[in-house]
Trainee: 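Supplied in structure tokens, the structure appears directly below.
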Amino acid sequence: MTLLLVMVLAAFSVVFSPIVVRVLDRKAGWPLALIFLAAAYFLIREAGPILDGTPLTWEVVWIRDLIGTGTDVMFSLRADALSLFFTLLALVIGAIVFIYSTEYLPRQKGSTSFYTIMTAFTASILMLVLADDVLVLFIGWELVSLASFMLIARSGSGGEAGSIRTLILTFFGGLTLLAALAIAATKAGTTNLTQILAADFWADEPAITITVAMLIAVSAFTKSAQFPFHFWLPEAMAAATPVSAFLHAAAVVKAGIYLL
């Protein structure tokens, strides 16, 4: 239930942010940061078994009989040592950035959109790194791209062109990821990520393995701003300093690394 609690806290922060901004204005970063730190605390309490090799899991049936295939899609979460690290990275750095934002943001101007999108981004990155189902992973991946686009675009005319180019490029990476996940799920006969990675076809069908690997690499390179897809990152820095620090330095680039 810890993973469910972490996701519920992240989702609650999105709903809570417009309310707390109305009361505290830019100081809303303090209670929102406390929510992130609370989620990190609950995860750290479970870190011992996770680091010893016992992943933390939670799942519930999300979509029954997907497109008549007889396959149920699960909203499945899994925290192993790697995803634990990336989750804590997002929560702790996110909390620090939110605290910084309480002094950085102008008073009575734009704090609602800032905190709402930033909390939505945090929830999206948590969904991505904790996903144990390829559909959940893909949705988290695309929500990260949308949040990035909106946070760059809200910087005004200076970020408009960069936000559009960023959206186009990262959505292209989303399409290659969708193709890779569809191939892998079809070959494995399941959408469960752990089962897909343990499937036999990776060794039995090297052509499929190479194809999926290349598609995944393109997806990761677009998100991580690797050559030749690197040009979006300097343009994305038109966004506010907390956005650049959290999204484009601490989280979005790391999302591509995590995918690999």
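Computed from a predicted model, the values in this text were never measured in an experiment.
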Trainee: Please go through Val15's hydrophobic cluster and name the other residues, only I, L, V, M, F, W, Y counting, with side-chain heavy atoms under 4.5 Å joining them.
Mentor: none
Trainee: Residues in side-chain contact (heavy atoms from CB on, under 4.5 Å) with Phe85, at least two apart?
Mentor: none
Trainee: Quick check: do Pro242 and Phe246 have side-chain heavy atoms less than 4.5 Å from each other?
Mentor: no
Trainee: Identify, with sequence neighbours excluded, every residue that meets side chain to side chain donor-acceptor pair (under 3.5 Å) alongside Thr2.
Mentor: Glu46
Trainee: Please list all pairs passing the salt bridge (charged side-chain N to carboxylate O under 4.0 Å, His left out) test where one or both residues lie in residues 125-151, with sequence neighbours left out.
Mentor: none
Trainee: Say whether Leu37 and Leu89 are linked into one hydrophobic cluster, either directly or through other cluster members, by side-chain heavy-atom distances under 4.5 angstrom.
Mentor: no
Trainee: Counting C-beta onward and ignoring hydrogens, is there a side-chain heavy-atom pair between Leu32 and Ser17 closer than 4.5 Å?
Mentor: yes
Trainee: With clusters defined by side-chain heavy atoms of hydrophobic residues (ILVMFWY) lying less than 4.5 Å apart, directly or transitively, does Leu4 cluster with Leu88?
Mentor: yes
Trainee: To the nearest 0.5 Å, how far apart are CG in Leu193 and CG in Leu77?
Mentor: 12.0 Å
Trainee: Could you tell me if the side chain of Leu24 sits less than 4.5 Å from the side chain of Pro31, heavy atoms only?
Mentor: yes
Trainee: Suppose we screen for salt bridge (Lys or Arg N to Asp or Glu O under 4.0 Å). Which residues come up paired with Arg22, at least two apart in sequence or across chains?
Mentor: none
Trainee: Under 4.5 Å side-chain heavy-atom separation, chaining through any Ile, Leu, Val, Met, Phe, Trp or Tyr, what else clusters with Trp30? Say none if it is isolated.
Mentor: Ile99
Trainee: Determine, using ring centers only, whether Phe86 and Tyr258 are less than 6.0 Å apart.
Mentor: yes
Trainee: Would you mind listing every salt bridge (charged side-chain N to carboxylate O under 4.0 Å, His left out) that reaches into residues 204-226, with sequence neighbours excluded?
Mentor: Lys187-Glu205
Trainee: Once ring pair (Phe, Tyr, Trp, His ring centres under 6.0 Å) is applied, do any residues pair with Phe42, and if so which ones, sequence neighbours excluded?
Mentor: none
Trainee: Hey, can you pull the donor-acceptor pairs under 3.5 Å for the side chains in residues 164-178, sequence neighbours left out?
Mentor:
{"unit_1": "Arg165", "atom_1": "NE", "unit_2": "Glu235", "atom_2": "OE1", "d": "3.1"}
{"unit_1": "Arg165", "atom_1": "NE", "unit_2": "Glu235", "atom_2": "OE2", "d": "2.9"}
{"unit_1": "Arg165", "atom_1": "NH2", "unit_2": "Glu235", "atom_2": "OE2", "d": "2.8"}
{"unit_1": "Thr166", "atom_1": "OG1", "unit_2": "Gly162", "atom_2": "O", "d": "2.7"}
{"unit_1": "Thr170", "atom_1": "OG1", "unit_2": "Thr166", "atom_2": "O", "d": "2.7"}
{"unit_1": "Thr170", "atom_1": "OG1", "unit_2": "Leu167", "atom_2": "O", "d": "3.3"}
{"unit_1": "Thr176", "atom_1": "OG1", "unit_2": "Gly173", "atom_2": "O", "d": "2.8"}
{"unit_1": "Thr176", "atom_1": "OG1", "unit_2": "Ser219", "atom_2": "OG", "d": "2.6"}

Trainee: Under the side chain to side chain donor-acceptor pair (under 3.5 Å) test, which residues partner Ser83, sequence neighbours left out?
Mentor: Asp80
Trainee: Under 4.5 Å between any side-chain heavy atoms of Met118 and Leu151, yes or no?
Mentor: yes
Trainee: So Phe114 and Phe98, would you call those rings parallel, tilted or perpendicular, with 30° and 60° as cut-offs?
Mentor: tilted
Trainee: Mind checking salt bridge (Lys or Arg N to Asp or Glu O under 4.0 Å) for Asp25 and listing every partner two or more places apart, or none if nothing turns up?
Mentor: none
Trainee: Which pairs pass salt bridge (charged side-chain N to carboxylate O under 4.0 Å, His left out) with one or both residues in residues 26-36, sequence neighbours excluded?
Mentor: Arg26-Glu103, Lys27-Glu103
